[in-house]
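Notes follow once the structure below has been shown.
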Amino acid sequence: MIIIFALFLLSLLVITALAIVRTENLFVAVMLTSIFSLLMAANFFILDAADVALTEAAVGAGITTVIFLSALALTAQREKVVTAGRRPALVVVAVLATLIIYATFDKPRLGDPDAPVHQHLAPWYLENTPELMDFPNVVTAVLGSFRGYDTLGEVFVVFAACIGVLFILGVKPPAGSRYNPDSSGLRHHLIPQVVGRLLIPFIVLFGLYVQFHGEYGPGGGFQAGALIASGVILYALLEGEAAALRAVPQSVLMGLVVGGACLYGGVGLLCILLGGNFLEYSVLLSDPVSGQQLGILLIEAGVGMAVCGALLSIFHAFAARPMRS
Amino acid sequence: MNLLELLGYFNYWVFAIVLSVGLYTVIAKVNLVKKLIGLSIFQSAVFLMYITMDKVEGGTAPIIQKGVENQVFSNPLPQVLILTAIVVGVSTLALGLAIVVRIYEAYGTIEEDEILDAD
Amino acid sequence: MQIDVMDLTPHLPALQVIVPMLCAPLILLLKPRGLAWAGATAAALLSFAIALNMALAVNTGAYFNYDMGGWEAPYGIELSVGAFGALVLLIVTGAGAAAMLAARPSVDSQIEAERQPLFYSAWLLALAGLAGIVVSADAFNIFVFMEISSLASYVLIAGGPDRRALPAVFKYLIMGTIGATFYLIGIGLVYMMTGTLNLADMEARIGDVTDINPILVAAGFITIGLALKAAVFPLHVWLPNAYTHSPHIVTVFLAACATKVAIYVLVRFDFFVFQDNLENHDLQFSLFLMPLALLGILMASAVAMFEGHIKRLLAMSSVAQIGYIILGASFVSEAGLTASAAHMFNHALAKGGLFLAIAGLACHYRDLRLEQLGGAARSMPWTAAAMVICGFSLVGIPGTAGFISKWLLIDAAMDEGRFAWLLVAIIIASSLMALAYVWRIIETLYFKPPVVAEAPAEAPLQLLLVTWLVALANIGFGLFPQFPLALSSAAAQLLLGRAS
Amino acid sequence: MIESAVDVMSWILLFTGGAFVLIGGIGALRLPNFYTRLHAASLTETMATILIFAGMILQAGLSLAALKLLAIMVFLLLTAPTASYALANAALQSGMRPEAESGGEDT
């Protein structure tokens, strides 16, 4: 039953992708991209990747769409139709697709328990996580500790994007640009405002739940950061940019980003000082298992802070920018 | 060929098709925002490939419940990798959009051919 | 709790990445003028010191291995630094530190004061990302750090006042992301067939794979993805504009090291992982890359000879030099790989020095087209002289560093059997072309009448000192090339030692 | 006995809910203009949501899952009509008049 559903979802995915290419209205394309991400998240869920599905839904379908829309508001809404250059693109793409489909015939079939990926590293993780960390979510264990260095890198990717957007949009907009504070926000619309005010606390609460429940269920710092950020973004959409910046000022956001990144790195350095390797949380406490738990809790907090602050900074950088007249 | 096997191939084919659609958009379209949308589809396709290989027949998400015996779990590692890759993708996208906004401010257009003509 | 003075030596590979990376957010807190620069310079110099320390240790036969998080190799992420890694780290951190030392006057003139902390922070991130790629022994970890360095370099390139930088950096972003995603597809396929991400483990397990098609496709994806990042001809189209329109000091940093790191990963993947496991892989590797390298050398040199903008001229020359490095690697011989590694080092010295001198010129000449630079040597004799030295090194005049690696390359080409004479002829012909375009620069600086009326002064002292330091290094390593050569040949043995 | 009664009940709810989704979908495709289509689509948001979630809660029984389903239902009942409102409002502001004879407009 679920397989038929998966086939259906995958077909929808292809159709959505084709529709995105064909539409000339960028606004429509962005909304379709959001749907595409949501379908992708559903597919991930069917394939047992709950954490990834949550992230794709929060980041791909949520935050990405908002950033796209705020960028579209600053540029143009329609694309020009150009037909030149289609043929070489088609050739490149056809070669690529053939190559990949050629490669698939030797791939292990879906769900094959004897596939190499299920034989080598994964059993070790599944076997040792309960013993070494004593919590159920193996994804969090791999993310936070076994491959914690990747996650550190990931935090710094987000950090790079944040300072990059601030740096690139830090240039004064061209003369004649003006920012109309009334144009943003749905202040005059009673219904969205009332519902939004009702929901925002629960969104933030849910974000905190996801943050601190990551060891036990799907979730963790990234998802939590994205969820909390989306709560604040909703506030900004309802009450206007200025109100959102009053509630959570830019300096606080920068503090979150810098603090989160430094918290993560600081935990790693502390491990060196206590005689372990970088990010070896076992040395944090006398009991290695609680050391691991404490370490993962701290770094997940760092990740959540950094991601939330960075996504909000990026959003504000776009949304508060005056429009070229 | 049972249904799961078909789905296995179907997943990879969808991966190949979506990947091609994304790359085609990046190469053939001249609108910069459209190129970025294509780029994000292109990356999503790769996520699908990774997540496809993590599935184990009869498995569940890798969250180990205590006291339940003989559970089969899907592979946690590709999931971790793709969590990272999703965040990387969104970061690239944000940066790209910031550049597009600046290009529009400097040139008054986001069509690649018109920008090339302007210089 | 008492903390003794710890021995940090085993932690050096990790610190190499962590020091600049963690300093990046802290730089943002240094708002007052000049402090951000000072902090970033300190961090860059510290990471150079770490790299030097490791290079010296590696030169005496050490090999660094580090288990991140204390988890042993295939389960956790492993870092490893051998001779090749140490050499590339020296190039990366050296370029980062030298350019940063000289950066202040140039940055002050090109980037607003309130944006400078962000700029320096991005610089350190780029440095950390490049270093992270080099030290990592984990395929996916390489991807993560590749993205850190790429995002940071997009930011750096887009930073200048020139609006043409924006479309250039957009193109770079698109092509760079496609390259990185191709790489991701490649390691995904390898992971699918072997179940591991650790390079050494991959090498061990790839031999057991019976269904070889996905691995072959993976090798293709990885090679093309990294070739995109490395700007191998004809995938170099993002490079000339990105280097031409970026802030001058950023060009120094990126031209000296960014593409070389991608070549490093390419060579490492092909030699460590694929070479001895795939039948005929060395032949495929040669057949694929050698024609591209030769075409790149000839075409890019030819374009450079007729280029009017001095930065674009040198950027095209970079494409040609990447061709030399790839050519050496494509011989799949010890001599060829030694020449390649040595050329990475020497080209970084020559190109870094040239772009530093250009940053000096740019302090007074707003327009860097050659026709505008006439007679610059009269008012800026020191900058021009440094440029001549580095230019000779680029051409490969005896007595400079560039000569050593060109000689090694010709030497390696001699062993290539029937077509040796053709390879040697191409190398010599392209060196003559290099002489032609370097001569155009010298002619403009020394023998053309001044076009710009104002009488500019010499470049700022800070910039000039670093420029001369690099220029003298070009001569120094030309006369006493033992240290980089020892590292290079150790690197070549390491790469092939596993292969034989 | 009571179990099968609950089962039958939940299936009835699920099927009626599904029927409403279908009707809403057909309406969104077939009705003449934007506002009528929106009207049809909002059928899925309210009636179908309630029915389907009620059916699923009956399936889940008294458990944590039922509570989560209830929370999701409340969330959907709050947000979906708001989204419909915002959509209609945006259409009105961009100059689309809700007139019966303006059928066939498709922009």
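These numbers were taken from a predicted model, which means no experiment stands behind them. To find a chain, count down the sequence lines: A is the first, B the second, and so on, and within it residues start at 1.
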Quiz item: If you look at every heavy atom in B:K55 and A:H118, which pair is closest and at what distance?
Solution: O-NE2, 3.2 Å
Quiz item: For B:F47, is it the side chain, the backbone, both, or neither that has a heavy atom closer than 4.5 Å to a heavy atom of chain A?
Solution: both
Exercise. Can you see which heavy atom on B:R102 is nearest to which on A:I168, and at what distance?
Key: NH1-O, 2.8 Å
Quiz item: Looking at B:V101, B:I17, B:L23, which has the largest count of heavy-atom pairs under 4.5 Å with chain A?
Solution: B:V101
Quiz item: Step by step, would you call A:M40 with B:I51 a side chain to side chain contact (heavy atoms under 4.5 Å, CB included)?
Solution: CA-CA 10 Å; A:M40 199 57 118; B:I51 298 299; over 6 Å; no
Quiz prompt | Backbone of A:V117 reached by a side-chain donor or acceptor of B:N75 within 3.5 Å | solution = yes
Exercise. With a 4.5 angstrom heavy-atom cut-off, could you sort out which part of A:P218 is near chain B: side chain, backbone, both or neither?
Key: both
Practice problem: Using non-hydrogen atoms and a 4.5 Å limit, figure out which bit of B:S44 sits close to chain A: side chain, backbone, both or neither. | Solution: both
Quiz item: When heavy-atom pairs shorter than 4.5 Å are enumerated against chain B, which of A:I314, A:D51, A:V171 gives the highest number?
Solution: A:V171
Quiz item: Quick check: does any side chain N or O of B:Q79 sit under 3.5 Å from a backbone N or O of A:D48, one acting as donor and the other as acceptor?
Solution: yes
Quiz item: Under the side chain to side chain contact (heavy atoms under 4.5 Å, CB included) criterion, do B:L81 and A:R147 qualify, and how do the steps go?
Solution: CA-CA 9 Å; B:L81 305 184; A:R147 294 188 72 87; 3.8 Å; yes
Self-check item: Working for side chain to side chain contact (heavy atoms under 4.5 Å, CB included), residues B:V14 and A:N43
Solution: CA-CA 12 Å; B:V14 168; A:N43 262 315; over 6 Å; no
Quiz item: Roughly how far, to the nearest 0.5 Å, is the CG atom of A:D134 from the CD1 atom of B:I64?
Solution: 10.5 Å
Quiz item: Taking C-beta and beyond as the side chain, do B:L83 and A:V139 meet within less than 4.5 Å on heavy atoms?
Solution: yes
Quiz item: Under 4.5 Å between any side-chain heavy atoms of B:I27 and A:P88, yes or no?
Solution: no
Self-check item: Atom pair CG/CG of A:L13 and B:L48 - distance to nearest 0.5 Å
Solution: 6.5 Å
Self-check item: Under 4.5 Å from any heavy atom of chain B - which part of A:V92
Solution: side chain
Quiz item: Non-hydrogen atoms of chain B under 4.5 Å away: do they reach the side chain of A:T33, the backbone, both or neither?
Solution: side chain
Quiz prompt | Contact residues of residues 93-101 of chain A (partner chain B; heavy-atom separation under 4.5 angstrom) | solution = A:V93, A:L96, A:A97, A:I100, A:I101
Quiz item: Which residue pairs pass the side chain to side chain donor-acceptor pair (under 3.5 Å) test with at least one member in residues 17-31 of chain B, sequence neighbours excluded?
Solution: B:N31-B:E111
Quiz item: Tell me, side chain or backbone of A:A115 under 4.5 Å from chain B's heavy atoms, or both, or neither?
Solution: neither
Quiz item: Which bit of A:L121 is near chain B, if near means a heavy-atom gap under 4.5 Å: side chain, backbone, both or neither?
Solution: side chain
Quiz item: What residue, out of A:R87, A:Q223, A:E154, has the most heavy-atom pairs lying under 4.5 Å from chain B?
Solution: A:E154
Quiz item: When rounded to the nearest 0.5 angstrom, what distance separates CG in B:L97 from CZ in A:F318?
Solution: 5.0 Å
Quiz prompt | Among A:A17, A:P130, A:P136, residue most engaged with chain B (heavy-atom pairs, under 4.5 Å) | solution = A:P136
Quiz item: Counting heavy-atom pairs under 4.5 Å to chain B, which of A:T75, A:L311, A:L126 comes out on top?
Solution: A:T75
Quiz item: Roughly how far, to the nearest 0.5 Å, is the CD1 atom of A:I163 from the CG atom of B:L95?
Solution: 9.5 Å
Exercise. Could you tell me which portion of B:V100 (side chain, backbone, both or neither) has an atom closer than 4.5 angstrom to a non-hydrogen atom of chain A?
Key: both
Quiz item: Is it the side chain or the backbone of A:F44 that comes within 4.5 Å of chain B heavy atoms, both, or neither?
Solution: both
Quiz item: Per the side-chain contact (heavy atoms from CB on, under 4.5 Å) rule, which among A:V138, A:V142, A:T140 passes with B:V80?
Solution: A:V142
Practice problem: Flag the one option from B:A28, B:S40, B:G22 with the top tally of heavy-atom pairs under 4.5 Å to chain A. | Solution: B:A28
Quiz item: Under a 4.5 Å cut-off applied to non-hydrogen side-chain atoms, are B:D54 and A:V52 in contact?
Solution: no
Practice problem: Begin with the C-alpha distance, continue with both residues' side-chain angles, and end with the deciding distance and a verdict on side chain to side chain contact (heavy atoms under 4.5 Å, CB included) for A:F68 and B:I37. | Solution: CA-CA 9 Å; A:F68 256 125; B:I37 291 176; 3.6 Å; yes
Self-check item: Region of B:A45 that comes under 4.5 Å of a non-hydrogen atom in chain A
Solution: backbone
Self-check item: Options A:A122, A:A49, A:A161, ranked by heavy-atom pairs under 4.5 Å with chain B, top entry
Solution: A:A49
Quiz item: Crowded around A:F45 CZ? As in, over 12 foreign heavy atoms under 6.0 Å?
Solution: no
Quiz prompt | Non-hydrogen side-chain atoms of B:E105 and A:L74 separated by less than 4.5 Å | solution = no
Self-check item: Atom group of B:V18 that falls short of 4.5 Å from chain A, counting heavy atoms
Solution: side chain
Self-check item: B:V56 portion near chain A, given a 4.5 angstrom heavy-atom threshold
Solution: both
Quiz item: Excluding sequence neighbours, so at least two apart, what forms ring pair (Phe, Tyr, Trp, His ring centres under 6.0 Å) with A:F222?
Solution: none
Quiz item: Can you name the closest pair of heavy atoms from B:N11 and A:L10 and give their distance?
Solution: OD1-CD1, 3.4 Å
Quiz item: Side chain of B:K34, backbone of A:E24: donor and acceptor closer than 3.5 Å?
Solution: no
Quiz item: Where on A:R86 is there a heavy atom nearer than 4.5 Å to chain B: the side chain, the backbone, both, or neither?
Solution: both
Self-check item: Top of A:T129, A:L90, A:D150, A:V30 for chain B proximity - count of heavy-atom pairs under 4.5 angstrom
Solution: A:L90
Quiz item: When only heavy atoms count and the cut-off is under 4.5 Å, which of residues 58-67 of chain A reach chain B?
Solution: A:V59, A:T64, A:I67
